[in-house]
Amino acid sequence: MFTVERHEYDVVVIGAGGAGLRAAIEARQQGKRTAIICKSLFGKAHTVMAEGGAAAAMGNVNSDDNWMVHFRDTMRGGKFLNNWRMAELHAKEAPDRVWELEAWGALFDRTKDGKISQRNFGGHEYPRLAHVGDRTGLEMIRTLQQRVVALQQEDFEVHGDYEAYIKVFAECTVTRLLKDGDAISGAFAYWRETGKFIVFDAPAVVLATGGIGKSFVVTSNSWEYTGDGHALALLAGANLINMEFIQFHPTGMVWPPSVRGILVTESVRGDGGVLTNSEGRRFMFDYIPDVFKDKYATTEEEGDRWYTDQANNRRPPELLPRDEVARAINAEVKAGRGSPQGGVFLDVSSRLPAAEIIKRLPSMHHQFKELADVDITAEPMQVGPTCHYVMGGVEVDADTGAASVPGLFAAGEVSGGMHGSNRLGGNSLSDLLVFGRRAGAGAAAYVDSLGAKRPQVTGVEEAHAEALAPLERQGGENPYEVHHELQRTMNDLVGIIRKENEVAEALQVVEKLKERATNTTAPGGKIYNPGWHLAIDLRNMLLVSECVAKAALLRQESRGGHTRDDYPAMEPEWRRKLLVCSAKPDGSDVQVVEKTQVSMRGDLITLFDRAELSKYLTEDELAEYDAAAK
Ligand code: FAD
């Protein structure tokens with residue numbers, strides 16, 4: 001027999017980034033006893049690293065902006081594979097969520113007339129990103145945490161206990177979702193510091209665990225991004241969709257090697273920075289795809305004029321969606337026109353006065369000075385693609401965030417659908433707020449629907465044995481070696497450009513690594529033992545990598561964050577197909593099947609020109625358009 005700490009809640013939110021905090025605030029505001037669990041320190045989530053801003057069509061800088069323009073940009077960015085209902089809700093609700101943050105104390109940068117300032121970003125037709133210099137995520141997390149504390153103070157007034165209705169469990173990692181029959185009944189976790197186990201008894205769980213970048217060697221993501229929520233959902237019987245779509249941000253640091261992959265914010269380009277190759281050429285003009293030809297400047301002069309006169313000029317191609325820019329950089333480096341350290345040049349020093357650069361991009365200035373000894377006010381940066389964001393995730397209901405398993409909800413980067421095959425920069429921070437709130441409300445409504453009935457916690461012994469296994473095995477594999485091989489395999493064989501034989505090879509490697517991972521050991525005890533933690537995380541990374549590779553093999557076209565060298569075209573037939581992943585509770589038998597995307601509602605599809613849609617849609621779908629347009 002073993003003893004575990006036990007807690008009972010109405011709603012358990014796993015993750016304390018923007019999505020998790022916004023979900024928890026909502027659940028608590030709807031009167032639910034809510035736990036927030038995070039595997040890192042409270043406040044240390046990816047959201048805190050977000051630099052550029054939150055996209056919301058507030059129209060503060062260009063009054064022509066509105067939710068319909070934002071919706072169109074998001075669908076175009078995602079190459080029309082997005083869950084259109086999510087894109088609609090996102091575009092309509094993002095401004096309210098940003099204003100709400102302001103009401104809770106966020107201090108955004110201002111326009112001259114005192115409104116929240118908005119900046120340009122790739123794929124957004126108008127300046128749309130509400131920001132705080134290049135430290136927007138920090139302000140967002142600070143504000144949401146402050147709101148949690150304000151709610152705790154209210155609870156103290158009423159109940160005499162700050163944590164009566166909302167409590168944070170930091171440095172606590174969830175390893176299994178617990179179920180009662182088909183429905184969620186809680187979560188099993190361990191404290192990272194002591195290794196002691198903890199059971200949460202709750203009818204509703206909101207996953208807000210972020211992404212999967214740590215399965216790749218070169219990534220902007222930090223250690224927590226091991227795909228835990230994706231794997232927890234899959235093992236609990238939920239589906240993942242769109243897992244083949246991984247965003248490689250075009251601009252990560254390439255030098256020195258110790259910091260390779262760290263993000264260089266898109267704001268550098270949004271604020272005027274240009275990409276050049278070793279010949280000094282602004283090569284992005286050579287890479288404007290047909291579908292975007294009429295929206296982007298074809299000369300440097302026009303592109304430059306756009307920064308001061310957007311009404312009469314088209315935007316420069318450095319601001320194409322991220323997938324296009326990442327592929328272009330990749331092609332230049334492959335063609336031998338790269339920078340000395342294997343990237344290309346990104347220059348803002350010749351475009352803005354030094355003081356302005358330091359004012360607009362303080363973190364970038366600091367980052368390059370400290371990590372690479374490069375002064376970005378005086379010389380160009382060297383940059384290259386880095387694994388940044390996963391568009392795929394838990395398949396959810398757009399309005400409530402509910403997954404197919406009763407009691408399970410997901411929001412933020414761990415959920416799938418909203419961004420289609422490629423996310424626009426700035427659309428994640430607004431996604432967290434819009435769908436975090438909706439998932440919190442969805443979970444609260446689900447708890448209400450149960451009445452007095454509470455599902456029973458089962459499966460604790462199995463979860464306990466699974467978590468302890470790496471400590472109890474003797475003489476097995478080193479988890480760091482398995483992890484490293486996985487990262488290399490995913491980077492080299494399922495990276496930015498994919499080929500059938502390489503992805504198939506990756507799957508064989510993953511299969512072997514899965515076997516090896518069941519034999520990893522972690523010498524030392526339960527007290528703060530990172531080797532043990534990694535051995536546990538490996539199950540998740542391997543499972544998620546298998547989904548990515550299987551879906552990448554199946555999708556025989558190139559679209560957004562999935563580029564097949566052997567199928568370079570975007571095919572209208574494939575736009576209608578979503579690839580859905582499922583697995584058995586022990587992580588075996590990962591299946592990927594096709595599912596037909598639901599047709600866009602008539603009033604939304606007719607927001608686009610027929611000529612534009614004909615680049616993406618099948619003839620059957622265009623007939624639906626014609627019927628709706630009548
Ligand atoms: P996160 O903020 O990452 O939070 C995940 C939480 O889950 C953490 O608290 C973590 O500890 C917890 N967790 C994970 N697994 C477990 C587990 N097993 N048990 C318990 N807790 C767990 N997007 C934009 O829109 N604009 C930007 O300017 C922008 N800039 C970015 C810059 C960088 C460097 C990076 C890396 C990303 C950027 N993004 C940006 C993307 C955006 O920041 C993320 O997509 C977003 O913050 C994800 O938020 P989230 O709430 O889903 O997850």
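Indexing begins at 1, ligand by ligand and atom by atom, following the structure's order.
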| request: Please indicate whether any nitrogen or oxygen in E51 is less than 3.5 Å from any nitrogen or oxygen in ligand 1. | output: yes
| With side chains defined as the heavy atoms from C-beta onward, is the minimum distance between C581 and N239 less than 4.5 Å? | no
| query | Ignoring hydrogens and geometry, is there a side-chain-to-backbone donor-acceptor pair from W67 to L89 under 3.5 Å? | reply | no
| query | Is it true that H388 lies under 4.0 Å from ligand 1, counting heavy atoms only? | reply | yes
| request: Applying side chain to side chain donor-acceptor pair (under 3.5 Å) between R128 and each of N120, D73, N62, report the one that passes. | output: D73
| field | Sub-3.5 Å N/O-N/O distance, T173 and ligand 1 | value | no
| request: Would you check the N or O atoms of N221, main chain and side chain alike, for any that come under 3.5 Å of an N or O of ligand 1? | output: no
| said: Could you check whether any heavy atom of G137 sits closer than 4.0 Å to an atom of ligand 1, since that is the contact criterion I want to use? | reply: no
| request: Kindly confirm or rule out an N or O of S428 lying under 3.5 angstrom from an N or O of ligand 1. | output: yes
| field | D399/R85 ion pair, N-O < 4.0 Å | value | yes
| said: For the 3.5 Å polar cut-off, considering only N or O atoms, please tell me whether G53 and ligand 1 meet it. | reply: yes
| Geometric N/O contact G18 with ligand 1, under 3.5 angstrom | yes
| query | Does the N or O separation between G20 and ligand 1 drop below 3.5 Å for any pair? | reply | no
| said: Does the Lys NZ or Arg CZ of K214 fall within the cation-pi geometry relative to F216 - under 6.0 Å from the ring centre and within 45° of the axis? | reply: no
| query | Applying a strict 4.0 Å limit to heavy atoms, is T136 in contact with ligand 1? | reply | no
| For the rings on Y126 and H70, is their centre-to-centre separation under 6.0 Å? | no
| said: Any heavy atom of I37 closer to ligand 1 than 4.0 angstrom? | reply: yes
| said: With salt bridge (charged side-chain N to carboxylate O under 4.0 Å, His left out) as the rule and sequence neighbours excluded, what pairs involving residues 250-270 come up? | reply: E266-R322
| query | Within less than 4.0 angstrom of ligand 1, does G436 place any heavy atom? | reply | no
| query | Can the ring centres of F200 and F169 be said to be less than 6.0 Å apart? | reply | yes
| Taking it one step at a time, do M418 and R423 satisfy side-chain contact (heavy atoms from CB on, under 4.5 Å)? | CA-CA 8 Å; M418 158 68 206; R423 173 179 71 89; over 6 Å; no
| said: Please confirm whether G425 approaches ligand 1 to less than 4.0 Å, judged on its heavy atoms. | reply: no
| request: If you have a sec, work out which protein heavy atom is nearest atom 11 (O) of ligand 1 and how many Å separate them, to one decimal? | output: S40 OG, 2.8 Å
| message | Any nitrogen or oxygen of H46, side chain or backbone, less than 3.5 Å from one on ligand 1? | response | yes
| ligand 1 N/O within reach of G52 N/O, cut-off under 3.5 Å | yes
| task | Indicate whether the side chain of T34 and that of K167 have a donor and an acceptor atom separated by less than 3.5 Å. | result | no
| Shortest protein contact, atom 9 (O) of ligand 1 (heavy atom only) | A16 N, 2.9 Å
| Any F42 heavy atom less than 4.0 Å from ligand 1 | no
| request: With K196 as the cation and W191 as the aromatic partner, state whether NZ or CZ is under 6.0 Å from the six-membered ring centre and within 45° of the axis. | output: no
| field | Residue that, paired with Y389, satisfies ring pair (Phe, Tyr, Trp, His ring centres under 6.0 Å) out of H46, H419, H249 | value | H419
| message | So is H131 touching ligand 1 or not, going by heavy atoms under 4.0 Å? | response | no
| query | Do Y190 and H533 have side chains that get closer than 4.5 Å, going by heavy atoms? | reply | yes
| Under 3.5 Å, N or O to N or O, is K39 touching ligand 1 that way? | yes
| Which heavy atom of the protein is the closest neighbour of atom 51 (O) of ligand 1, given with residue, atom name and distance? | A19 N, 3.0 Å
